[in-house]
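Working notes, structure below.
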Amino acid sequence: MSSELTEPLPRVVRGPRRAPLARWAAIRHGAVATAALAALIVAGSRDLADFDSALVGYTFACLFMTFGVVYRYSVWLSKPPTRKYWVRGFQVLFSPRRWPRLRRPTLIVRALWSKIIAQDFILRRGATRWIAHMLIAWGCTLAAAVTFPLVFGWLHFESGAAGADSARATYRVVLFGQPVSEIPVHGAVGWTIFHALIVSGFMVVPGVMLAMIRRMRERGAVAVQRFERDLLPLLLLFAVSVSGLLLWVSYEWLHGYFYGALAQLHALTVIVTLLYLPFGKLFHVFQRPASVGVTFYKEAGDRGEKAVCPVTGEAFAAKLQTDDLEEVLGEVGFDYAPRAGTGPAWSELSPRGRRMLIGRAHSRARRGRFS
């Protein structure tokens, strides 16, 4: 190996102060997104003609949630490592030059299936954990797909054509003020649509129970979990689902007894959950789609040029990743260049090469001590 290689030691240097500017930009983005959603609510409900005033609490909670989610997402993207992954992912995704080599259509389908739909990366951690996560994820997705259009006044149902008997009665589906279809009141399609929230409740409740059992029994989970980060979101989802199911029990079998009190309880749990969402663990729902871009980034690195360690002479990582790492380290205020001004930067060395240099430094120090 070259005798000019030195042992570069990392130093912390003062980096640019971007935090205040990033926060102001995040506030601006959150305000714009909230205003845009408010405008869409007004326009989609035909100047609030189709808006149900009884749902105004839900609406304001959704507006606050939108501001919080966009604010936090903007701050998250302002972090140099996150921003680098985000930018590189989209550069690879939308780069025609890389499409043939990356087999872009196949890769994007595989990434969407693995990261978003099937989420098989959780299955590798355990079947029970995966079942719980899938029940919660898709139960909440179904509930959101039904709830938000109804709350915003974008979707509502009107009485449709009625036949000679009530068995042929229909409901007209109105989307953004335009009738799109009629569905029979009685039948599998009508039952599924009108009981979608009930189905989602029966998915979320067992999913939450499985997750709680795992958190109470697995020592690894118990050792690191925190109430506000790990248990509170599960309790909120459980409260929302159970209170919603109690509403169904009230009007289905109890002739509406206690419906008013249960409706207020359900509204309270939903509003608290929406207000909590941008600040707790549930925020990862909005971060997860970014993993699709990370998949493209890693695939481009695996198929591209490799970084070779100057100490061992072996390829150890994608050169795209090591170059980006060196740039990010400078942005966050770390200088990994050698102090003597010669030799490679610490970030250019493989783990084995770093251990070898540290071993050589210890050997020289020992020889100097006893010489």
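All heavy atoms count here, side chains included; hydrogens, waters and symmetry mates do not.
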*Determine, stepwise, if the pair Arg360 / Val311 fulfils side chain to side chain contact (heavy atoms under 4.5 Å, CB included).*
CA-CA 12 Å; Arg360 293 175 191 173; Val311 176; 4.0 Å; yes
_Residue pair Leu231, Met212: steps toward the side chain to side chain contact (heavy atoms under 4.5 Å, CB included) verdict_ = CA-CA 8 Å; Leu231 299 180; Met212 291 293 288; 4.1 Å; yes
_Worked verdict on Thr269 versus Leu236 for side chain to side chain contact (heavy atoms under 4.5 Å, CB included)_ = CA-CA 7 Å; Thr269 59; Leu236 288 174; over 6 Å; no
*Step by step, work out the side chain to side chain contact (heavy atoms under 4.5 Å, CB included) result for Ser53 and Val56.*
CA-CA 5 Å; Ser53 59; Val56 66; 5.6 Å; no
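Taking CG of Leu234 as the reference point, atom CZ of Phe227 lies at 10.0 Å (rounded to 0.5 Å). A distance of 3.5 Å separates CD1 in Ile122 from NE2 in His133, rounded to the nearest 0.5 Å. Distance CE/Met65 to OH/Tyr58: 14.0 Å, rounded to 0.5 Å. Atom CG of Leu232 is separated from atom OH of Tyr276 by 5.0 Å, given to the nearest 0.5 angstrom. Here CD of Glu252 is found 12.5 Å from CG of Leu247. Values are rounded to the nearest 0.5 Å. Atom OG1 in Thr128 sits 8.5 Å away from atom CD in Glu218 (nearest 0.5 Å).
Smallest separation of non-hydrogen atoms from Ser74 and His29: OG-ND1, 3.2 Å. Contact detail for Asp120 and Ser114: the closest heavy-atom pair is OD1-OG, 2.6 Å. In terms of heavy atoms, Met203 sits closest to Gly139 at CE-N, 3.6 Å. Nearest heavy-atom pair across Ala317 and Thr322 is CB-CG2, 4.0 Å. Taking every heavy atom of both residues into account, Ser243 and Val240 meet most closely at OG-O, 3.0 Å. Minimum heavy-atom separation, Lys306 to Asp302: NZ-O, 2.8 Å.
Between the Ser250 side chain and the Tyr257 main chain, a donor and an acceptor come within less than 3.5 Å of each other. Using modelled atom types, no side-chain atom of Lys281 and backbone atom of Leu277 make a donor-acceptor pair closer than 3.5 Å. Distance alone, capped at 3.5 Å, places no donor-acceptor pair between the Trp248 side chain and the Leu197 backbone. Between the Thr192 side chain and the Ala188 main chain, a donor and an acceptor come within less than 3.5 Å of each other. Under the 3.5 Å distance criterion, the side-chain polar atoms of Thr295 are matched with a main-chain donor or acceptor of Ser291. When atom types are taken as modelled, the side chain of Ser363 and the backbone of Gly359 share no donor-acceptor pair closer than 3.5 angstrom. Asp52 places a side-chain N or O within 3.5 Å of a backbone atom of Ala54 that can act as its donor or acceptor partner. Side chain of Gln119 to backbone of Ile116: a donor-acceptor contact under 3.5 angstrom is found.
Within the 4.5 Å cutoff, the side chain of Phe67 has no heavy atoms near those of the Pro278 side chain. A heavy-atom distance below 4.5 Å is not found between the side chains of Arg125 and Trp130. Cys309 places none of its side-chain heavy atoms less than 4.5 Å from the side chain of Glu314. By the 4.5 Å heavy-atom criterion applied to side chains, Arg88 and Asp324 are counted as neighbours. For the pair Leu262/Tyr251, no side-chain contact is recorded, criterion being any heavy-atom separation below 4.5 Å from C-beta on. Side-chain atoms of Thr59 and Phe51, non-hydrogen and from C-beta on, do get closer than 4.5 Å to each other. Looking at heavy atoms from C-beta onward, Leu77 lies in side-chain contact with Tyr73 at the 4.5 angstrom threshold. The closest side-chain heavy-atom distance from Val204 to Phe238 is not below 4.5 Å.
Placement of Phe279 and Leu237 in two distinct hydrophobic clusters is found when ILVMFWY residues are connected by side-chain heavy-atom separations under 4.5 Å, directly or transitively. Cluster membership check: Ile41 does not share its hydrophobic cluster with Val70, using side-chain heavy-atom separations under 4.5 Å among Ile, Leu, Val, Met, Phe, Trp and Tyr. Note on Phe121: it clusters hydrophobically with Ile131, by side-chain heavy-atom contacts below 4.5 Å among ILVMFWY residues. Hydrophobic clustering of Ile, Leu, Val, Met, Phe, Trp and Tyr side chains at less than 4.5 Å, counting indirect connections, unites Phe176 with Val151. Both Phe202 and Ile193 belong to a common hydrophobic cluster when Ile, Leu, Val, Met, Phe, Trp and Tyr are linked at side-chain heavy-atom distances under 4.5 angstrom.
Between the side chains of His156 and Glu158, a donor-acceptor pair is found at a separation under 3.5 Å.
For Phe194 and Tyr171, the ring centers are positioned less than 6.0 Å apart.
The aromatic rings of Trp191 and His195 lie parallel to each other, their planes meeting at an angle below 30°, with 60° marking the opposite boundary.
Heavy-atom neighbours of Lys84 NZ from other residues, nucleotides or ligands within 6.0 Å: above the threshold of 12.
Taking the centre and axis of the six-membered ring of Phe157, the NZ or CZ atom of Arg172 falls outside the cone set by 45° and 6.0 Å.
Salt bridge Asp323/Lys319: present, at least one basic N to carboxylate O contact under 4.0 Å. Look at Arg83 and Glu331 and you find a salt bridge, because one of the NZ, NE, NH1 or NH2 atoms lies within 4.0 Å of a carboxylate O, short of that distance. Between Arg226 and Asp230 no salt bridge is recorded (no basic side-chain N to carboxylate O distance below 4.0 Å).
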